[in-house]
Amino acid sequence: MTDAFASSSASLPASASPLMRDMAHAAYLAGEALVGFAKDRSALTLQEKTAGDFVSSADLKSEAIIADWLKTRYPDFGWVGEETGAQITGSDGPYWVVDPLDGTSNFLKGLPHWAVSIALCKGDAPIAAIVYDPVKEELFSAERGCGAFLNGARIWVNSDISLSTAILATGVPAGGRVTYLSDCLMDLEQLMPKSAGIRRWGAAALDLAYVAAGRLDAYWERNLGPWDIAAGWLLVQEAGGCVEPLWSGEPILKSGSFLAGDAALLRQVHPYLTPKH
């Protein structure tokens with residue numbers, strides 16, 4: 001076994017399935033490559049997909065590493081990657097949803113807050129999830145019905161939290177993706193005086209993982225890609241929390257719009273969020 005395989009396995013609970021071990025290993029391999037790229041960011045090639053939304057050679061290499069590992073072992077599974085898009089297998093079976101570098105802008109600026117996100121989904125919901133932060137050496141993992149874990153230790157969302165003591169997170173649209181900027185600013189105007197603070201850290205998978213680990217109390221955002229959400233969604237659910245559509249009747253992975261956290265706290269937060277119009 002490689003060092004990466006041994007390290008990734010050691011960061012999972014003893015009960016982790018072979019599937020989870022393969023997912024973790026893929027994340028560790030990608031993480032190793034990304035840490036290497038981070039040491040000399042000036043050597044990266046860079047493209048701007050839309051205004052303010054970048055893809056680098058590090059993103060592309062990371063996705064290729066993950067795809068090579070997982071597709072070799074699970075050739076019948078479908079694939080949805082942020083950089084390579086959807087590759088349909090012609091079946092309604094499981095499919096991977098992958099963000100090879102969540103927090104690309106942070107990565108490119110040298111901000112040590114980014115992660116690899118891998119989910120296995122069936123239908124419209126995730127059934128297995130990995131979010132790996134190689135800088136902090138933190139592996140978040142979950143399988144449906146088996147709980148959520150950080151480096152093999154069980155994690156839970158914060159419960160019995162009042163809005164006035166809650167630390168919330170969201171994303172503020174920028175660049176070419178400002179469709180919901182006015183909605184977000186109205187959210188902030190409503191919620192900042194009523195909460196203990198709001199964070200905008202620029203890595204959706206880690207925001208969701210942090211809700212699952214009790215580091216954040218709730219997180220909402222609009223118009224994200226499925227690769228931003230899928231793995232963190234399962235982490236929150238398996239940590240005892242809820243992830244609900246921001247807009248009733250619109251599936252989370254399709255709309256990219258959701259609110260995550262403890263169910264009781266979500267009932268306090270939701271009324272202050274600007275409805276779709």
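Basis for what follows: all heavy atoms, side chains included, without hydrogens, waters or symmetry-related copies.
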What verdict does the ring pair (Phe, Tyr, Trp, His ring centres under 6.0 Å) test give for Tyr180 and Trp247, after you've listed the backbone C-alpha separation in whole Å, the side-chain angles of each residue and the deciding distance to 0.1 Å?
CA-CA 13 Å; Tyr180 297 104; Trp247 304 318; 5.3 Å; yes
Pairs in or reaching into residues 193-212: which pass ring-ring contact (aromatic ring centres under 6.0 Å, His included), with residues at least two apart or in two chains?
His113-Trp201, His113-Tyr210, Trp201-Tyr210
Any side-chain heavy-atom pair from [X] and [Y] closer than 4.5 angstrom?
{"X": "Trp79", "Y": "Trp96", "value": "yes"}
{"X": "Val135", "Y": "Leu34", "value": "no"}
{"X": "Asp22", "Y": "Tyr74", "value": "yes"}
{"X": "Pro245", "Y": "Ser255", "value": "no"}
{"X": "Val116", "Y": "Asp99", "value": "no"}
{"X": "Leu208", "Y": "Phe258", "value": "yes"}
{"X": "Leu185", "Y": "Glu189", "value": "no"}

Going through the distances and angles, do Val98 and Val80 end up as a side chain to side chain contact (heavy atoms under 4.5 Å, CB included)?
CA-CA 6 Å; Val98 173; Val80 179; over 6 Å; no
Verify whether one side chain among [X] and [Y] offers a donor that lies under 3.5 Å from an acceptor in the other.
{"X": "Ser62", "Y": "Asp59", "answer": "no"}
{"X": "Asp262", "Y": "Ser159", "answer": "no"}
{"X": "Ser117", "Y": "Tyr132", "answer": "no"}

For His270 and Leu259: C-alpha separation, side-chain torsions, deciding distance, then whether side chain to side chain contact (heavy atoms under 4.5 Å, CB included) applies.
CA-CA 8 Å; His270 213 153; Leu259 173 61; 4.0 Å; yes
When the ring centroid of Phe37 is compared with that of Trp114, is the distance short of 6.0 Å?
no
Ala204 backbone acceptor or donor facing Asp102 side chain under 3.5 Å
yes
Between Glu138 and Arg215, is the closest basic N to carboxylate O distance under 4.0 Å?
yes
Can you list, pair by pair, the side-chain donor-acceptor contacts under 3.5 Å of residues 142-157, counting residues two or more places apart and other chains?
unit_1	atom_1	unit_2	atom_2	d
Glu143	OE1	Ser17	OG	2.8
Glu143	OE2	Ser17	N	3.3
Arg144	NE	Pro126	O	3.2
Arg144	NH2	Pro126	O	2.5
Arg144	NH2	Gln237	OE1	3.3
Asn151	OD1	Leu139	N	2.9
Asn151	ND2	Glu137	O	3.1
Arg154	NH1	Ala148	O	3.4
Arg154	NH1	Glu238	O	3.1
Arg154	NH2	Glu238	O	3.4

So, applying side chain to side chain contact (heavy atoms under 4.5 Å, CB included) with Met186, which one of Leu181, Thr274, Leu191, Leu273 is it?
Thr274
Taking all non-hydrogen atoms of both residues, which atom of Met20 and which atom of Ala128 are closest, and how far apart?
SD-CB, 3.8 Å
Does Trp220 have any side-chain hydrogen bond (donor to acceptor under 3.5 Å, both in side chains) partners at least two apart in sequence or in another chain, and if so, which?
Thr170, Asp187
In this structure, are over 12 heavy atoms from other groups packed under 6.0 Å from Tyr272 atom OH?
no
